[in-house]
Amino acid sequence: AQSVTQLDSQVPVFEEAPVELRCNYSSSVSVYLFWYVQYPNQGLQLLLKYLSGSTLVESINGFEAEFNKSQTSFHLRKPSVHISDTAEYFCAVSDQRNYGGSQGNLIFGKGTKLSVKP
Amino acid sequence: DGGITQSPKYLFRKEGQNVTLSCEQNLNHDAMYWYRQDPGQGLRLIYYSQIVNDFQKGDIAEGYSVSREKKESFPLTVTSAQKNPTAFYLCASSHRGKTDTQYFGPGTRLTVL
């Protein structure tokens, strides 16, 4: 079984400051890794994902995350945040194995609320 | 436009009543999912379906039921057996492959009075 730990429930930062949202996972098998973003009272949107290849993945709005297998981490970073980045961010994992009908099922962390202040 | 719709956005029910939440997708996805979101708890999987006429329990299926009679639709019924039904409910869909991204609907906020 997998589990995901997001170490910070809330992260307040000032606009244009850098930010890192931490995500660690636990799994006995290889996993795929995802970051989703949720704006207030909305559904989740995929921000970026790691499936294979380069361990550094980027989103179109300046976020990046690096898969670190030895540390079982997938931290999300942005060098300079905007007010519009205020949202809740969820890290998620899925099992790489194909075990019947449950492929693609995601295990989510509890979320980190990013609050960007002017 | 392709996407996932959930209706209604807000739903109020009296305790002891069953209520059905709608989820429709026109993305031609085979797989559909229902999650429950509580503050500070992240998302927890209630039920999922990889194909029409088949569905599986997730981590917190007790007190919920689903059906998958059509590829486009995956309604969730919150029964009176669910002890704490007030929550934000999110539906998602994806292709069947294990690397395929899940796309989420806008959610339904259910409040049981």
Side-chain angles (χ1 to χ4, degrees), chain A residues 1-11 21 23-25 27 29-53 57 59 87-113, chain B residues 3-10 21 23 25 29-61 68 87-111:
Chain A
Q2 294 86 41
S3 67
V4 178
T5 301
Q6 291 184 243
L7 296 164
D8 305 299
S9 60
Q10 298 190 47
V11 174
L21 307 183
C23 173
N24 288 89
Y25 68 92
S27 177
V29 299
S30 296
V31 295
Y32 300 120
L33 296 152
F34 305 81
W35 275 100
Y36 282 84
V37 59
Q38 184 180 35
Y39 299 99
N41 293 312
Q42 294 186 23
L44 275 68
Q45 302 171 32
L46 180 70
L47 193 59
L48 46 77
K49 62 182 177 182
Y50 171 77
L51 302 179
S52 65
V57 290
S59 72
E88 191 161 15
Y89 293 79
F90 292 93
C91 183
V93 302
S94 70
D95 194 328
Q96 282 195 20
R97 297 172 305 174
N98 183 355
Y99 54 101
S102 59
Q103 63 262 27
N105 284 6
L106 293 172
I107 306 298
F108 285 88
K110 294 186 176 183
T112 298
K113 290 187 177 179
Chain B
I4 304 175
T5 57
Q6 292 185 244
S7 61
K9 189 168 179 65
Y10 299 95
L21 281 59
C23 177
Q25 54 96 2
H29 285 165
D30 287 303
M32 296 187 75
Y33 310 81
W34 273 106
Y35 294 90
R36 171 182 171 133
Q37 184 178 18
D38 297 282
Q41 295 297 315
L43 278 72
R44 294 179 289 172
L45 183 65
I46 305 173
Y47 268 97
Y48 62 98
S49 167
Q50 294 286 335
I51 198 167
V52 174
N53 291 323
D54 186 53
F55 48 83
Q56 306 293 330
K57 291 182 180 180
D59 299 320
I60 55 165
R68 187 84 188 278
F88 191 48
Y89 290 88
L90 288 160
C91 178
S93 71
S94 72
H95 291 296
R96 279 191 74 188
K98 54 187 174 178
T99 64
D100 287 302
T101 300
Q102 288 188 24
Y103 294 88
F104 284 79
T108 292
R109 187 167 298 281
L110 172 65
T111 301

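Here the structure is a predicted model, which is why all the values come from computation and not from measurement. These values consider heavy atoms only, across backbone and side chains, with no hydrogens, waters or symmetry-generated copies.
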What part of E88(A) lies closer than 4.5 angstrom to a heavy atom of chain B: side chain, backbone, both or neither? side chain

Is there a donor-acceptor contact under 3.5 Å from the side chain of Q41(B) to the main chain of R36(B)? no

Relative to chain B, which segment of Q38(A) carries a heavy atom at a distance below 4.5 Å: side chain, backbone, both, or neither? side chain

Counting only heavy atoms closer than 4.5 Å, note whether F88(B) contacts chain A via side chain, backbone, both or neither. side chain

Segment of Q6(B) engaging chain A (4.5 angstrom heavy-atom cut-off): neither

Would a distance-only check, ignoring hydrogens and angles, find a side-chain to backbone donor-acceptor pair under 3.5 Å from Q102(B) to S94(B)? no

Per-residue contact mode, L45(B) against chain A (heavy atom under 4.5 angstrom): side chain

By a 4.5 Å heavy-atom criterion (distance strictly below it), what part of L46(A) contacts chain B: side chain, backbone, both, or neither? side chain

Under the ring pair (Phe, Tyr, Trp, His ring centres under 6.0 Å) test, residues paired with F108(A) that sit two or more places apart: Y36(A), Y35(B)

Determine, for Y10(B) and R109(B), whether the Lys NZ or Arg CZ falls below 6.0 Å from the six-membered ring centre while staying within 45 degrees of the axis. no

For Y25(A), ring pair (Phe, Tyr, Trp, His ring centres under 6.0 Å) partners two or more places apart: none

